[in-house]
Structures are given as C-alpha cells and as structure tokens.
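Naming: A, B, ... by sequence-line order, numbering from 1 per chain.
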Amino acid sequence: EAQVTQNPRYLITVTGKKLTVTCSQNMNHEYMSWYRQDPGLGLRQIYYSMNVEVTDKGDVPEGYKVSRKEKRNFPLILESPSPNQTSLYFCASSFHRTTNEKLFFGSGTQLSVL
Amino acid sequence: RKEVEQDPGPFNVPEGATVAFNCTYSNSASQSFFWYRQDCRKEPKLLMSVYSSGNEDGRFTAQLNRASQYISLLIRDSKLSDSATYLCVADSDSWGKFQFGAGTQVVVTP
C-alpha cells in the first residue's frame, strides 16, 4: 500500500532532550516536506527536500534539522526541544514539486515538550 | 499578514443544503491552488486542485479568481460526511514551498 509513515504517533518529552521523528514513503517520491500545525495558524512548512541531499528551509525552520540521505526517508530532528515546539507535525511527499502535484501526508505526530 | 487567509467558520449547514466559502491569497505569483480536507487532527487529504477555468468534482466546485486573488469552494447537497475542515493551499514563488490557510470548518447537521 502506497503510504507515508511517521513515527512515533505521540511523543512526550522534556526540554532539551534531543529527539527524532521519522518519516518514510514507499512511493519513490522525490519531494518531501515537514509541517507543523498549531490552532489558528494552519500548517506551516518547516523544511522541504526536492531530492536526495537537497534540503531547504520553509517558513519556520528555527530549532529543527532535517536530512535526506535516502530518497524514502526524511527525518525531522529537534536537537534541543523547547515548549514552543509542542505541536502536531505532518510529513508529506509528492512525486515532484510541480504544478498540481498531490501531496500525500503521514498520519501525524503529536509532540508535547514539557 | 498571512499569505493565505480563510474564514475559520464554523459554517453550520443543514443536510442537503449548499455551502460556499472563499480563501484569499496575497502572493500574485502563486500558480497552483488546492483544496484539502482535514478531519479532526488527522492528515489532510487532497479534495481537488483548482484550475484557472474552474473545476467540478461531483458535488464540489472550485473556482479561481485571479483578479481578486481568491479561490472558492462550493459544496452542493451537503452530506453529514462533509463535516470537516477545508484547507486552502497556494504555492509560493519559491519552488517547493506551499502556503496553507488555517482552514474553514464546515459542520453539516441533520
């Protein structure tokens, strides 16, 4: 089944403890992206990747890192999480970032930083 | 100012009625527009792309007005299952960047 898989689904952590949220897609998609969703603000783009070893900042990249060593994986790394990073995170992918390209989303990761 | 703005609603709609709502975008360079549907804190799913000529998919009709920089979504013969949040999306002038609106909530009542 074609899908984007995110793990974990829920995560509670403490300030400063490094964490990684994994994202994997099995559709051979070139484009992958991370979003965070907060009430009243909608989805905001954190980082995106147009292909392997190519990553770019979105609108809210501060406090996050990503890597794209393989086409299928695009992990989101929080080196030193803070409470303002408490949010619902979504990973998404598409074959290529072209006009009218459908985004496939993972099921989301609810992160709470205490 | 946010690049994509939506009325948060909720739009309370009797079953079988028609509901329509708009989304405005500020970046005149945006070329691609979409409507996504999101059920409570679940992943967004593409509802439809929005073409310059407008497009229809069953009970759903999307329109683009470039002059006034807004897109619209109309839902005819509303079903209870249409209750959701509808997200408006526009691409940015940078490759790979998308701007999402905060969503319009639609509640269809029996």
Can you check side-chain hydrogen bond (donor to acceptor under 3.5 Å, both in side chains) on B/Arg41 and A/Gln110, steps first, answer last? CA-CA 9 Å; B/Arg41 297 186 72 74; A/Gln110 178 62 58; 2.3 Å; yes

Does the side chain to side chain contact (heavy atoms under 4.5 Å, CB included) test come out yes or no for B/Glu43 and A/Gln6, once each step is laid out? CA-CA 11 Å; B/Glu43 72 272 23; A/Gln6 274 180 249; over 6 Å; no

I'd like to know whether B/Gln99 forms a side-chain hydrogen bond (donor to acceptor under 3.5 Å, both in side chains) with A/Gln45, so could you lay out the CA-CA distance, the side-chain angles of the two residues, the decisive distance to 0.1 Å, and finally the verdict. CA-CA 8 Å; B/Gln99 300 293 335; A/Gln45 195 167 25; 5.7 Å; no

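With rounding to the nearest 0.5 Å, the separation of CD in A/Gln37 from CG in B/Leu87 is 6.5 Å. Between A/Lys102 atom NZ and B/Met48 atom CE the span is 13.5 Å, to the nearest 0.5 Å.
When the side chains of ILVMFWY residues are joined at heavy-atom separations under 4.5 Å, either directly or via intervening members, B/Leu64 and B/Tyr86 end up in a single hydrophobic cluster. There is no path of hydrophobic side-chain contacts, each under 4.5 Å, that joins A/Leu88 to A/Val113. Linking Ile, Leu, Val, Met, Phe, Trp and Tyr residues whenever their side-chain heavy atoms come within less than 4.5 Å places A/Met32 and A/Tyr64 in a single cluster. Following chains of ILVMFWY side-chain contacts shorter than 4.5 Å, one cannot reach B/Phe98 starting from A/Tyr47, and the two form parts of different hydrophobic clusters. Residue A/Tyr10 is not grouped with residue A/Tyr89 when hydrophobic side chains (ILVMFWY) are merged at heavy-atom distances under 4.5 angstrom, including chains of intermediate members.
Between B/Lys97 and A/Asp56, no side-chain nitrogen of the basic residue sits less than 4.0 Å from a carboxylate oxygen of the acidic one, so the salt-bridge criterion is not met.
Contact between A/Leu43 and B/Phe100 at its shortest, heavy atoms only, is O-CB, 3.5 Å. Here the closest non-hydrogen pair linking B/Ala102 and A/Gly40 is CB-O, 3.6 Å. The shortest heavy-atom contact between B/Tyr36 and A/Leu103 is OH-N, 2.9 Å.
By the 6.0 Å contact criterion, CG on A/Leu41 is enclosed, its count of non-hydrogen atoms from other residues, nucleotides or ligands being greater than 12. Atom NZ of A/Lys57 is surrounded by 12 or fewer heavy atoms from other residues, nucleotides or ligands within 6.0 Å.
Contact of B/Pro8 with chain A is not made at all, since no heavy-atom distance falls under 4.5 Å. With a threshold of 4.5 angstrom between heavy atoms, A/Tyr35 approaches chain B through side-chain atoms but not through N, CA, C or O. Contacts between A/Ser107 and chain B at a heavy-atom distance below 4.5 Å involve backbone atoms as well as side-chain atoms. In this structure, chain A has no heavy atom under 4.5 Å from any part of B/Gln6.
The shortest side-chain heavy-atom distance between A/Phe90 and B/Gln38 falls under the 4.5 Å cut-off.
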